[in-house]
A.B. asks: 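The structure follows.
First the proteins, then the strands, lettered A, B, ... as listed; each starts at 1.
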Protein chains: 2
Amino acid sequence: MAKKTVDKSIITEEDLYDLADLFKAFSDTTRIKLLYALMEGELCVAELVEKTGATQSAVSHQLRGLKQMDLIRCRKEGKQVIYFLADDHVHTILQMGMDHVKE
Amino acid sequence: MAKKTVDKSIITEEDLYDLADLFKAFSDTTRIKLLYALMEGELCVAELVEKTGATQSAVSHQLRGLKQMDLIRCRKEGKQVIYFLADDHVHTILQMGMDHVKE
DNA sequence: TGAACATATGAATATCTGTTCATATGTTAG
DNA sequence: CTAACATATGAACAGATATTCATATGTTCA
C-alpha cells in the first residue's frame with residue numbers, strides 16, 4: 001500500500017514547476033561542480049572556489065541558490081562557512097544522471 | 001566488482017557538461033509536461049499540444065530539443081508524427097525527481 | 001492536381017540566468 | 001579598535017533560452 005512510487009493522478013501543475021526547478025538546480029556546470037565536490041564531504045567556500053575554478057563571487061551566488069532549494073546547508077565556523085549536502089537525494093540524483101550520461 | 005555506481009575518479013570535465021545538459025532538458029515546464037505526458041504512452045504532436053497547453057510551434061521546437069538529446073524518439077504514421085520516450089531512464093529520472101519534490 | 005491537414009522551421013523578440021565588479025558584512029587576531 | 005581575512009550581496013552586463021509569428025514542408029484524399 002505504502003509504495004515509494006508517486007501516484008500520477010495527484011500531480012498538480014505546481015508539482016511540475018517544482019520539478020522543473022529541481023532539475024534547473026542541476027543544469028549548470030558551476031552548480032554541478034559544487035555539488036559534486038560536496039559529495040566527498042563538507043567544504044568551506046574558499047575550498048569550493050578552488051575546486052570549481054569559479055570566482056568567489058560566482059560561487060557565493062550559486063551557493064545561495066542551492067541553499068534556497070535546500071539542496072545544501074551550511075554552518076558557520078569562525079570566519080568560515082562550511083557547506084554540505086542537505087541529504088542523500090542529491091547524491092542519488094547526480095549518480096543517476098551520471099549513469100545515464102555514461103550510457 | 002561490476003557495481004552499478006560510477007567511479008568518481010574517471011569523471012571528466014566533459015562529463016560534467018553532459019550532465020548539466022541532461023538536467024537542463026528537464027528544467028523547463030513545457031518539456032517536463034511533454035515528458036510527463038509521454039510517460040503514459042506515445043502521443044502525436046497534436047495530442048501533446050493539447051496536454052501541455054503550449055503552442056503547436058513551441059511544442060515542436062521543444063520536441064526537437066528532446067529528440068536531439070535522445071530522450072524521446074518518433075516515428076511517422078501518415079500525416080502524424082508519434083513521439084515516445086527513448087528509454088526507461090527518463091521515466092526513472094522523472095520519478096525520482098518527483099519523489100524528491102513530494103518530500 | 002489541389003485543398004486540407006499535421007508538423008517543422010527560421011527569424012525576431014522578450015525574458016531569464018550566470019558572471020563580473022565593486023563593495024558590504026561579519027569575524028578573528030593583534 | 002583596527003587590520004586582515006572570509007564570505008555575501010547588489011547592480012550591470014552578456015549570453016542563453018523559450019515563445020511567437022509567419023511560413024515552409026510533407027502527407028492524404030477527393
A.B. asks: Could you tell me the separation between the CD atom of B/Q56 and the P atom of C/dG10, rounded to a whole number of Å?
C.D. replies: 14 Å
A.B. asks: With DNA chain C as reference, determine whether A/G78 or A/H61 sits nearer its 5' end, using the nearest nucleotide of each.
C.D. replies: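 Upstream on the strand: A/H61.
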A.B. asks: Tell me, please, the opening and closing nucleotides of DNA chain D, 5' to 3', among those with an atom under 4.0 angstrom from a non-hydrogen atom of chain B.
C.D. replies: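 Contact span on the strand: D/dT17 to D/dT28.
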A.B. asks: Please state how far atom NZ in A/K33 lies from atom P in C/dG18, giving the value in whole angstrom units.
C.D. replies: 14 Å
A.B. asks: Has A/R31 got a side-chain N or O lying under 4.0 Å from the OP1 or OP2 atom of C/dT17?
C.D. replies: no
A.B. asks: At less than 4.0 Å, is any side-chain N or O atom of A/Q62 found next to OP1 or OP2 of C/dT19? Yes or no.
C.D. replies: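 The answer is yes; a side-chain N or O of A/Q62 sits under 4.0 Å from OP1 or OP2.
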A.B. asks: Look at the aromatic rings of B/F23 and A/F26 and report parallel, tilted or perpendicular, splitting at 30° and 60°.
C.D. replies: tilted
A.B. asks: Out of C/dT17, C/dT19, C/dT20, which has the shortest distance to the side chain of A/K24?
C.D. replies: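 For A/K24, the side-chain atoms sit closest to C/dT17.
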A.B. asks: Whole-Å distance between C/dT17 P and A/I32 CD1?
C.D. replies: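 It works out to 16 Å between those atoms.
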A.B. asks: If you count heavy atoms of other groups shown closer than 6.0 angstrom to CZ of B/F84, is the number above 12?
C.D. replies: yes
A.B. asks: Hydrophobic cluster membership, with links at side-chain heavy-atom distances under 4.5 Å among I/L/V/M/F/W/Y: are B/L85 and B/L43 in one?
C.D. replies: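 In one cluster: yes.
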A.B. asks: Is there a donor-acceptor contact under 3.5 Å from the side chain of A/S60 to the main chain of A/S57?
C.D. replies: no
A.B. asks: Does the pair B/L71 and A/H100 meet the rule for a side chain to side chain contact (heavy atoms under 4.5 Å, CB included), with working shown?
C.D. replies: CA-CA 11 Å; B/L71 294 177; A/H100 179 89; 4.1 Å; yes
A.B. asks: Want to settle it: does B/S60 or A/S27 sit nearer the 5' end of DNA chain C, counting the closest nucleotide to each?
C.D. replies: B/S60
A.B. asks: To 10°, what angle do the rotation axes through the five end pairs on each side of the helix from C/dT1-D/dA30 to C/dG30-D/dC1 form?
C.D. replies: 20°
A.B. asks: Keeping to residues at least two apart or across chains, list the side-chain hydrogen bond (donor to acceptor under 3.5 Å, both in side chains) pairs with something in residues 61-79 of chain A.
C.D. replies: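 Pairs touching residues 61-79 of chain A that pass the test: A/R31-A/Q62, A/E42-A/R75, A/D70-A/R73, A/R75-A/E77.
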A.B. asks: Nearest whole Å is fine: how far is C/dC16 P from A/Y17 OH?
C.D. replies: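 These atoms are roughly 11 Å apart.
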A.B. asks: Donor-acceptor check, side chain of A/E47 to backbone of A/C44, threshold 3.5 angstrom: yes or no?
C.D. replies: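 Pair found, side chain donor or acceptor close to backbone of A/C44.
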A.B. asks: When all nucleic acid strands are considered with a 4.0 Å heavy-atom cut-off, which category describes A/A46: base, sugar-phosphate, or nothing?
C.D. replies: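 The answer is sugar-phosphate, as A/A46 gets under 4.0 Å only of primed atoms, P, OP1 or OP2.
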A.B. asks: Can you check the A/Q68 CD to C/dT17 C1' distance for me, whole Å?
C.D. replies: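 Atom CD in A/Q68 sits about 14 Å away from atom C1' in C/dT17.
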A.B. asks: Determine whether a donor-acceptor pair (N or O, by modelled atom type, separation under 3.5 Å) exists between the side chain of A/D15 and the backbone of A/T12.
C.D. replies: yes
A.B. asks: Under 4.5 Å between side-chain heavy atoms, counting indirect links through other Ile/Leu/Val/Met/Phe/Trp/Tyr residues: same cluster for B/L66 and B/Y36 or not?
C.D. replies: yes
